[in-house]
Amino acid sequence: MQPRNESIGHAPGYLVARMSVRVRYAPSPTGSPHVGNIRDALFKHLFAKHTGGTNILRIEDTDRTRYVPGCEEEIVESLQWIGVEYQEGFGIGGDCGPYRQSERKEAGIYAKWVQVLLESGHAYKAFDTSQELEEMREFQKINKQPIGYYGGLWRDASGVQVEEAERAGKPAVIRLKIPRGKTIVIEDFIRGRLEFDSDTVDDPVLIKADGMPTYHFAAMVDDHLMDITHIMRGEEWISSAPKHAWLFDAYGWEKPVFVHCPVIKGKDGSKLSKRHGDTRCLDYRAAGYLPEALANFIALIGWSPGGDRELMTMDELCEAFSLEGLQPSPGVFDLDKLRWMNGHYIRATEAPELVSKVREYAQAGEYKPYFEKEDHASPETIAALELLAGGFKSTPDIAGEAVRLEQERVTTLADFGEACAFFLQEEPPFDPKAVEKWFGQPHVPALIDHLIAALDGRSAITHDECETLVKEYAASAGMEKLGPAVHPTRVALTGKTVGPGLWDLMAVLGPAKMIQRLTRAKAMLG
RNA sequence: GGUCCGGUCGUCUAGCGGUUAGGAUGCCGCCCUUUCACGGCGGAGGUCGCGGGUUCGAAUCCCGUCCGGACUACCA
């Protein structure tokens, strides 16, 4: 690996630390932002924050055919949810606007700059039809030649030929004329010096036949015009980096530092995609993940603060972030670890705040479409969450207490539904195994009678009183351990063998509900 | 096919010429305890992809090789 000297990066002919860092997150609105996209955005946010620089949001909507309405809103919402900030750009403005490329196209920016290239001979018009292009690739394939556009008829066409084609009204694209027989060098912050034989780089389209610029052109022109100091992007862009570098050279512009970040992979090692499960950023919100957990988790894929640090707040991430900590190799998205981390953040949240988060989560209802989806359909989860949402309305105190008591044993917000259900259900179902294990013992009817009698006539009961009550019975029955008293009581009250401390849950349930459930249990005993 | 990038426990990673290769997650066990969980402690799990060099000494430097991935659009 190459030495990386300064935290902002340096190389001859490249922008250096003299100006403040400017980075951009430039998504194209062609679908929901997924965790990989958002991780990239997060890196930029962390870098900008760490260096006191500027993060910019730019919308790259140069492909009209793939535009998905509503996408821009979701991009903004995703960033906001996870805590990625930007100081300039789409939706907030700035000195380098507009920040949507379709608007920049309307403003004539790309037409103007491509003209410069045309005039200097660095770009040319090509009139190939799509069919001709296809045939060319077919030919290259059959003859085992490198596939790509290395000139064809038009790279060195005479002015006469071009005029003729134009007069005939043939549609044209404008391509960049990549020099031949040259070595194009890219300084990548993470990987060091990258060299490309220009003969293996084909001539990219700059302006499409419909007049729209391609990514190769628009992104680079905008990066220059917006004074971007570091082109941070996924490593899938490395192969086209020489085109971009050459574009800067053709203009005589100073190049930004390239930072090709490792991508996030799925379990099978390929780039993260739908078949790896959830990839949409906001699906994690719907599934009950906390944004601070997701942010912390994805920040650690492809980046490390060094040493053993792992659990970090957004502020700590900003403080610790540096380009040196970026890894060259891709990482796998490990849901198990995310789950652990989410559980940690749930436990780290102050109870009152957690209660309101769970309430908002249950009431927002975003979980419903999520848990209806084929691959992780869970009608039980939906029902339990709906019950919880109702509980927050009708008996907010009980719902709130239930959340507090279950805080220690859930990993997602969604888990609260089923965990809290027995508090709110009129008649919580009995787990057959629990019944079989604890209701068969001879002392159980007497235990239940004892409890009912002691509870009768009371309007409330405290944690300590519940403890005394059960312990008294155990002592009177000559029990050496509490188990035989505690477990059947728990089953009678909750239907389950697992859950919060018995005294805690008894106090929350209150005498009336307990008597009702105890009576029901007794009836069941026969 | 071509070009390029990558390779440390299953996974995320620390490491930047000298370490018993460290941590985390997941898994297993013990402790705590009224259950589950949390928490604490401990364990299994890596011949640092492989083969050559350089060096007194290599996970760390060099070369080769294998495997994986990305790109190869008038998509980004």
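- Here the P atom of nucleotide rC74(B) and the CG atom of Leu176(A) are 14 Å apart, to the nearest Å.
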Contacts under 3.5 angstrom, residues 479-492 of chain A side chains, donor-acceptor by atom type, not counting sequence neighbours:
| unit_1 | atom_1 | unit_2 | atom_2 | d |
| --- | --- | --- | --- | --- |
| Thr489(A) | OG1 | Ala485(A) | O | 2.5 |
| Arg490(A) | NH1 | Pro500(A) | O | 3.0 |
| Arg490(A) | NH2 | Pro500(A) | O | 2.9 |

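- In this structure, Pro204(A) and Ile178(A) have side chains that are in contact, with non-hydrogen atoms separated by less than 4.5 Å.
- In this view, Lys496(A) satisfies the salt bridge (charged side-chain N to carboxylate O under 4.0 Å, His left out) rule with no residue, not counting sequence neighbours.
- Using the Watson-Crick or G-U wobble rule with both distances under 3.5 Å, rA70(B) pairs with rU3(B).
- Aromatic pair Phe321(A)/Trp303(A): centroids less than 6.0 angstrom apart.
- Glu60(A) comes within 4.0 angstrom of sugar-phosphate atoms only, judged by non-hydrogen atoms across all strands, and of no base.
- For Thr62(A) and rA76(B), the shortest distance from a side-chain N or O to OP1 or OP2 is below 4.0 Å.
- Comparing Lys144(A) and Gly307(A) against RNA chain B, the residue whose closest nucleotide sits nearer the 5' end is Lys144(A).
- Taking atom C1' on both rG45(B) and rU13(B), the two are 16 Å apart, rounded to the nearest angstrom.
- In this structure, Ser304(A) and Phe127(A) both approach RNA chain B, and ranking their closest nucleotides by distance from the 5' end singles out Ser304(A).
- Distance check on atom P: rC28(B) versus rA70(B) gives 33 Å, rounded to whole Å.
- Phosphate proximity of rA76(B) to Lys208(A): present, with a side-chain N or O under 4.0 Å from OP1 or OP2.
- Distance alone, capped at 3.5 Å, is enough to place a donor-acceptor pair between the His34(A) side chain and the Gly36(A) backbone.
- Checked against the 6.0 Å centroid criterion, the rings of Trp237(A) and Tyr215(A) qualify as a close aromatic pair.
- If you check every strand for non-hydrogen atoms under 4.0 Å, Val173(A) touches a base.
- Summarising the geometry, the separation between CD on Glu135(A) and P on rA73(B) is reported as 16 Å, rounded to the nearest angstrom.
- Here Gly148(A) lies out of heavy-atom contact (under 4.0 Å) with every strand.
- Pairing for rU20(B) is absent, with no Watson-Crick or G-U wobble pair whose two atom distances lie under 3.5 Å.
- For Tyr345(A) and Tyr289(A), the gap between ring centers reaches or exceeds 6.0 Å.
- No engagement by Arg309(A) is indicated, since no non-hydrogen atom pair under 4.0 Å with the nucleic acid exists.
- One atom, CZ of Phe333(A), and another, C1' of rU25(B), lie 13 Å apart when rounded to the nearest Å.
- Proximity of Arg58(A) to Tyr25(A): side-chain heavy atoms (C-beta onward) are nowhere separated by under 4.5 Å.
- Arg137(A) comes within 4.0 angstrom of the backbone, heavy atoms only, and of no base.
- Within the 4.0 angstrom heavy-atom criterion, no nucleotide atom of any strand lies near Asn143(A).
- When the C1' atom is used for both rA24(B) and rU35(B), the distance is 29 Å, rounded to whole Å.
- In this structure, Leu300(A) reaches the sugar-phosphate backbone alone: every heavy-atom distance under 4.0 Å involves primed, P, OP1 or OP2 atoms, never a base.
- Listed nucleotides: rG6(B), rC4(B), rA76(B). Nearest to the side chain of Pro330(A): rG6(B).
- Side-chain to base pairing of Arg66(A) with rC75(B): one donor and one acceptor N or O lie within less than 3.5 Å of each other.
- Under the Watson-Crick and G-U wobble criteria, each requiring two contacts below 3.5 Å, nucleotide rC38(B) is left unpaired.
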Q: Let me have a per-nucleotide readout for nucleotides 32-40 of chain B, 5' to 3', with B, S or -, counting only protein heavy atoms under 4.0 Å.
A: --BBBBS--
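- Atom CG of Leu335(A) is separated from atom P of rC12(B) by 14 Å (rounded to the nearest Å).
- In this structure, rC48(B) forms no base pair with any nucleotide, since neither Watson-Crick nor G-U wobble geometry is met with both distances under 3.5 Å.
- Atom pair Glu310(A):CD and rU11(B):P shows a separation of 16 Å (rounding to whole Å applied).
- The nucleotide rU25(B) finds its pairing partner in rG10(B), both defining distances of the Watson-Crick or G-U wobble pair being shorter than 3.5 Å.
- Ranking rU11(B), rC4(B), rG6(B) by closeness to the Ile238(A) side chain, first place goes to rC4(B).
- Comparing rU54(B) with rU60(B), their C1' atoms are spaced 13 Å from each other, to the whole Å.
- A gap of 27 Å separates the P atoms of rG6(B) and rG46(B), to the nearest Å.
- Using a cut-off of 4.0 Å between Lys/Arg side-chain N and Asp/Glu carboxylate O, Arg409(A) and Glu406(A) are scored as salt-bridged.
- Rounded to a whole angstrom, the distance from the C1' atom of rC66(B) to that of rG49(B) is 8 Å.
- When heavy atoms are screened at a 4.0 angstrom cut-off, Lys271(A) is found touching the sugar-phosphate backbone but no base atom.
- Lys208(A) contributes a side-chain N or O that, together with a main-chain N or O of Thr62(A), makes up a donor-acceptor pair within less than 3.5 Å.
- Using atom C1' as the reference point in both rA14(B) and rA21(B), the two lie 10 Å apart (nearest Å).
- In the set rG23(B), rC5(B), rA70(B), rG23(B) carries the atom at the smallest distance from any side-chain atom of Asp308(A).
- Atoms OH (Tyr67(A)) and C1' (rA76(B)) sit 15 Å apart, rounded to a whole Å.
- When heavy atoms are screened at a 4.0 angstrom cut-off, Thr489(A) is found touching no nucleic acid atom at all.
- Here Lys141(A) lies out of heavy-atom contact (under 4.0 Å) with every strand.
- Contacts of Gln327(A) with the nucleic acid, taken as non-hydrogen atoms under 4.0 Å apart, involve only primed sugar atoms and P, OP1 or OP2.
- Of the P atoms belonging to rG18(B) and rG26(B), the separation is 33 Å, rounded to the nearest Å.
- Per the geometry, CG belonging to Asn296(A) stands 13 Å off P belonging to rU25(B), to the nearest Å.
- Between Tyr284(A) and Asn342(A), the side chains place no donor N or O within less than 3.5 Å of an acceptor N or O (distance only, hydrogens not considered).
- Separating the CG atom of Asp336(A) from the P atom of rU25(B) is a distance of 12 Å, rounded to the nearest angstrom.
- Which of rA76(B), rG10(B), rG23(B) sits closest to the side chain of Lys337(A) comes down to rG23(B).
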